[in-house]
Amino acid sequence: MKLLDVVALTEDFPQLGLHRGQVGTIVEEYEPKVFEVEFSDLRGKVYAVET
C-alpha cells in the first residue's frame with residue numbers, strides 16, 4: 001500500500017463510527033504498515049481521519 005491508495009475496512013470499529021466496507025484514502029504513512037486514512041462522503045466532506 002502507498003499514499004493515495006483507496007482502501008476498504010475489513011472489520012468494524014464502532015467506537016470510531018466506522019464499519020466494515022467503508023472506503024478511505026491513505027493520506028500518510030508513518031512506518032511500514034501504519035497509515036493514516038481519510039474517510040469522506042460522496043461530496044468530499046471528510047468525516048473521519050484515523051491511524
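Please read these numbers as outputs of a predicted model, since none were measured by experiment. One-based numbering along the sequence shown.
Residues passing the side-chain hydrogen bond (donor to acceptor under 3.5 Å, both in side chains) test with Asp12: none are found, sequence neighbours excluded.
A side chain to side chain donor-acceptor pair (under 3.5 Å) check over residues 26-38, counting only residues at least two apart or in different chains, returns the pairs Tyr30-Glu36.
The hydrophobic cluster containing Val6 also includes Val23, under a criterion of side-chain heavy atoms closer than 4.5 Å among ILVMFWY residues, counted directly or through chains of members.
Between Val27 and Val37, every side-chain heavy-atom pair lies at or beyond the 4.5 Å cut-off. Counting heavy atoms from C-beta on, the side chains of Met1 and Phe35 come closer than 4.5 Å.
The distance from atom OG1 of Thr25 to atom CG of Asp5, rounded to the nearest 0.5 Å, is 9.0 Å.
Of all heavy-atom pairs between Gly21 and Ala8, the closest is O-CB, 4.3 Å. In plain terms, the two heavy atoms of Val7 and Ile26 that are nearest each other are CG1-CD1, 3.9 Å.
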Below 3.5 Å, can you tabulate the donor-acceptor pairs from side chains in residues 39-51 to any protein atom, sequence neighbours excluded?
residue: Asp41; atom: OD1; partner: Arg43; partner atom: N; Å: 2.9
residue: Asp41; atom: OD1; partner: Gly44; partner atom: N; Å: 3.0
residue: Asp41; atom: OD1; partner: Lys45; partner atom: N; Å: 2.9
residue: Tyr47; atom: OH; partner: Gln22; partner atom: NE2; Å: 3.1

